[in-house]
Amino acid sequence: MTEAVGNQSTAATLQREIPGAENLVVLEFDYYAYGGNGADGIAVVLSDAAITPQPGSFGGSLGYAQRNNGDAGFAGGWLGIGIDEFGNFSAEADGRQGGVGQITDSVSIRGSGSGADGYRYLAGTGTLSPGIDSTGPNNPHRYRITVDSRLPGQAIVAVERNTGSGFEELIAPFDVLSAAGQAAVPENFLLSLTGSTGDSSNIHELDELQLCALKLNPVGVQVDHFEIDHDGVALTCQPEAVTIRACADADCNQLFSDPVTATLAPEDGWVGGNVVSITGGAGTVALQNTVAGAITLNVIGSQPSTRPQSQTLCRIGNGPLAPDNCTLNFVDSGLAFEVPDLVSHRASGPVQLRAVRRDDQTQACVPAFEDVNRTVQFWSTYISPDDMDRPVSRMVEINGVAVGNTSSSPTSMELRFGAGGIAEVDIIYPDAGQMQLNALYQGSEATEDAGLLMPGADSFVSVPAGFCVSAASSCSQGDETCPLFRRAGESFDLTITAAGWQSDTDVDFCVGNPITPNFERPGIPLQVELVAPAGGETGVVSPGSYDHARAVDAQTTVSVDQSEVGVFRFLTSPAPGAYLGRDLPQGRSAPVGRFYPDRFRVTVDPGAFAAECGAGQFTYTGQPFGWLMAPTALLEPLSVQGGRTRNYTSDGFRRLSVAGVSTLVPINDLAATDANGDPMTFSVTQEAAVLSVQEPGLMLFSFNPNDQFEYPKNPATRIEPFLPQLEFTVTSVQDTDGVQAEAAPYDFEPEASFEIRYGRLIMENVYGPETVEALFMPFRVESFEGGRFVTHDADSCTTWTTTDIDSAETHHALLADSGVFDQGTAGPLRLEPLGTQGTDLVTWDVPEWLEDDWNNDGVLADPSATATFGVYRGNDRIIYWREVTAN
C-alpha cells in the first residue's frame with residue numbers, strides 16, 4: 001500500500017458493492033509492515049457506495065480521517081479500522097475528533113464523517129505485542145474484521161489477529177450504531193484499503209485477502225469522472241448555471257451515455273436539490289448563493305457509481321480542466337445576462353443585459369443604474385472546442401459587430417441602459433460549439449463611479465441548423481424508374497455537412513446554407529428510410545453511426561452500404577441531448593437509388609422422370625415419357641454480403657423474367673451406347689417454363705410439367721436394358737440490370753429409377769381347316785435381354801386393341817377385342833373362318849416402341865403373322881400320319 005516514503009496517502013477500492021442491511025461481512029488478510037522507521041499504517045474503510053471514494057489525509061489520519069491543514073476525511077466514510085504503528089490514529093490531534101492519545105502498535109476504529117467533520121474515535125486497543133511492524137517482509141500477521149448487520153438497528157464490529165498461534169480478539173464485538181454521531185448503515189458499502197505515512201514511514205503490504213459476505217453485488221459500468229464548466233463569476237442575487245459532463249473515459253472523448261444520477265457539492269443552494277439527473281452525458285444545473293465569496297463545486301457521488309479515487313475536473317471559461325478550477329466566485333454587483341442556446345448563423349433576438357446589484361434587504365437583484373449610456377467591454381472565449389485545433393475561429397457578433405475573442409482584446413460598445421437597468425443586444429455566433437460571452441463595465445470619474453467593476457459572463461451552446469446528407473447521385477422521382485446506383489451491400493460515400501441557418505422555412509440544407517466548421521460529435525446514429533417499393537423492407541445501413549469531425553468545409557464523408565434493394569433516404573438521427581446536452585436536428589437526404597442485387601444464388605432441385613409403365617418401372621426405347629416431378633431452381637437475389645434482398649421481387653423492382661433463365665437439355669445419354677458404340681440419342685420436346693415469386697426475395701423457376709422425352713428407336717438401339725443418365729443445365733441467369741447467377745452454369749441429373757428397354761410386339765402364325773369354328777393367333781410383348789428376346793413379364797400396363805390390326809380378312813373375320821398385357825401376354829386373337837381356303841396376312845399397326853427390324857433390313861416395321869385356312873390338322877390322337885401312294 002505504501003513505500004518507505006514520507007507523507008503518502010494511497011487507496012484501493014474493491015469493485016464490488018456490499019449491501020449494508022441484513023448482511024454479514026468477514027474480511028481476512030495477511031499484513032506486512034517493515035523496512036522503515038515505524039510509521040504510519042493502513043486503514044480498512046467501509047464507505048457509502050453512493051459517494052465516490054476519495055482518501056483522507058496522510059500521516060496519523062491513515063488515509064481515513066481529516067486533517068486541520070484542509071484535508072477532508074475519506075469521502076462517504078462510515079467506518080475506518082486503523083492498523084497503526086506510530087499510534088496517532090487514536091489521538092485527538094491534527095484536527096481529528098476524539099481519541100485516547102497516541103498508542104503505538106495499536107488498532108483503532110473511527111466512525112462516519114464528511115469533509116472536516118466527524119470521523120470520531122470509537123474504540124481501540126492498547127499497545128499490541130508483538131508489535132504491528134514486527135512482521136518483517138516474510139512473516140505476516142493475519143487480521144480478521146467482522147461487520148454484522150443482520151439484526152435491525154445494529155451493526156456489530158469486531159477485530160481479531162493471528163500472529164501464529166490462532167486468532168486472538170483485539171476489539172471485542174460492539175454496536176457502532178450506539179456511538180454518538182454515527183451515521184446509519186448505508187444502503188451499500190464499498191470496501192477500500194488506505195495506506196499512509198507521515199514524517200516517518202514503512203513499507204505496508206497486504207496479501208491473501210479474502211472477503212466473505214452473505215450478499216455481494218457487482219459494481220457494473222462506472223462513470224470515469226465528472227467535469228464541470230462554469231463562468232468563474234456569479235451574482236449573489238440570482239442563480240448561476242453550470243454545465244456538468246459525465247465522462248466515459250479518462251480524456252472525456254466519450255460521454256457516459258446512460259442516465260446518471262449525480263450528487264453535487266455543496267449540499268445546499270442547488271435549484272431543485274443537489275441530486276440531479278444527467279441524460280446523454282451532459283446537463284445544466286443552477287446554484288444560488290446569496291453571500292459574496294468563493295464556492296467549491298464538486299460531484300461527490302453518482303449512480304451508476306464513479307470510478308474510485310477519481311477527481312472532478314473543472315474549467316473556467318475556456319481555461320484548462322483541473323481540480324483547482326472548481327471555485328466559483330459570487331459577487332454582489334455585475335452585468336447579468338443569459339444568452340439562449342443559439343442556432344448557428346441565426347440571431348438570438350433581444351438578449352437583456354442588466355446592470356444589477358444585490359439589495360441588502362431583499363437579497364434580490366436591483367438596478368445598479370438606469371436611463372444612462374454606458375460603455376461595456378465584450379469578448380468571447382471558446383469552450384468546446386477550445387482554442388486548440390480549430391479549423392476556423394469565428395467571432396461572436398453583438399448587434400452586428402464581431403467582438404474580440406480574448407480578454408486582452410475586448411470590443412467596447414456603448415449601450416443604453418433604460419428602465420430597470422436593462423440594455424438589449426442581439427447575438428449571433430456563425431458556427432457551432434459552446435462559447436462564453438464575457439462582459440465588463442469599469443466605472444470612471446466621468447460617470448462618477450470610479451473603481452466600480454461589474455463583470456458578467458454566460459456560456460451558451462450553438463447548434464447547426466441542419467445537416468446536408470448527400471450521395472453521389474440522387475433520384476427525385478424516388479421509384480423504380482431511378483437509374484442504377486449501387487448494388488445492395490456495396491459501399492458508397494455519404495457526405496454529411498453541418499449547415500447553418502438560412503431561413504426559418506428552410507427544408508433543404510444542401511442549397512445555399514452557410515456551414516459550421518467547428519461542429520463535431522462522435523457516434524451520431526445513421527438510419528435509413530424506405531422510399532420505394534411501398535411496403536418493402538427498410539434494410540440496414542452500415543455502419544450504424546459515424547463520427548462528425550471538425551473541418552473547414554464542415555463535411556464528413558462516410559463509407560456506408562445499404563443492405564436492401566430499392567430507393568432510400570439516409571438520415572442522421574442524433575439522440576436527445578446528444579450535442580453538449582442539447583438536441584440536434586435530424587439530417588435527411590434526397591431519395592438515393594436505385595439499389596439492386598449483387599447476384600443471384602441458385603439452388604436446383606433436379607426433379608425426377610416418370611416411368612411410362614410405373615408398375616413395372618420401365619419405359620420402352622422410342623416411347624415418350626415425362627416428369628414425375630419437374631425440376632425447379634430457387635433464385636435468391638443477394639446483397640454483396642450474401643443477405644437476401646427481399647425488395648427485389650416487389651412490383652417494378654424485379655428485372656428478371658423467365659427469358660432471363662437459360663437452360664440446356666441433353667441430346668445423348670451420359671453412359672448408355674447403342675449397338676454401334678455411339679451414345680444413345682435423347683430427344684426433348686419442351687413447353688414454356690414458368691418463373692414465379694414464392695415469397696419476398698425468393699423466385700422459383702420451374703420446368704414445364706408437360707415436357708416430353710424419348711430415346712429414339714432404331715435397329716441399332718437393340719441393346720440391353722439401362723438406367724437413364726441425363727444431364728440438364730441451367731446455363732445462365734441474368735436480369736435486365738445485368739445481375740447474374742453467382743456460380744453458373746448449374747448441371748443436374750434428374751432422378752430416373754427405371755429402365756429403358758428395347759421391346760417389341762410379336763405375333764405367331766396359325767393354320768387350320770376352313771371348317772373349324774375359329775383359329776386363335778397368340779401374341780405377346782418381348783424385351784431384349786441377355787442377347788435375345790424374352791417375354792417381357794414386367795409389362796402389365798401396355799394396352800392393345802384389334803382396331804389397330806390391318807388384315808385383308810379374305811378368308812376370315814377378326815373378332816374385335818382389346819385389353820392390357822398381363823406379364824407380357826394377352827389375347828389370343830380370334831379369327832373365324834369364312835369357309836374358303838387360303839392364307840391371310842395379319843399386320844398390327846403398333847407404336848414405334850413396339851416395332852422391330854424383323855427382316856434385318858435396317859428398317860423398323862410393324863409385327864405381322866399369317867393365318868392359313870384349308871389345311872387339315874388331323875386327329876389329335878394320331879401320333880404320326882403318313883400318306884401312302886396307291887399302287
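The neighbour count for Glu22 CD, taken as heavy atoms of other residues, nucleotides or ligands under 6.0 Å away, does not exceed 12.
Checked for salt-bridge contact, Arg315 and Asp229 meet the test: a charged N lies under 4.0 Å from a carboxylate O. Salt bridge annotation for Arg144-Glu28: present, with a cationic side-chain nitrogen under 4.0 angstrom from a carboxylate oxygen.
With Ser149 contributing its side chain and Gly20 its backbone, the two residues share a donor-acceptor pair below 3.5 Å. The backbone N or O of Lys215 lies less than 3.5 Å from a partner atom in the side chain of Asn23, making a donor-acceptor pair.
There is a side-chain donor-acceptor pair under 3.5 Å between Asn298 and Thr312. Of the N and O atoms on the side chains of Arg358 and Thr236, at least one donor lies less than 3.5 Å from an acceptor on the other residue. For the residue pair Gln436 and Thr381, no side-chain donor N or O sits within less than 3.5 Å of a side-chain acceptor on the partner. A donor atom on one side chain and an acceptor atom on the other are found under 3.5 Å apart for Asp359 and Thr362.
When side chains are defined from C-beta on, Tyr31 counts as touching His204, because their heavy atoms get closer than 4.5 Å.
Minimum interatomic distance between Ser90 and Asp84 (heavy atoms only, all atoms of both residues): N-OD2, 4.3 Å.
Among residues at least two apart or in separate chains, ring pair (Phe, Tyr, Trp, His ring centres under 6.0 Å) pairs with a member in residues 52-88 are Tyr64-Tyr119, Trp78-Phe189.
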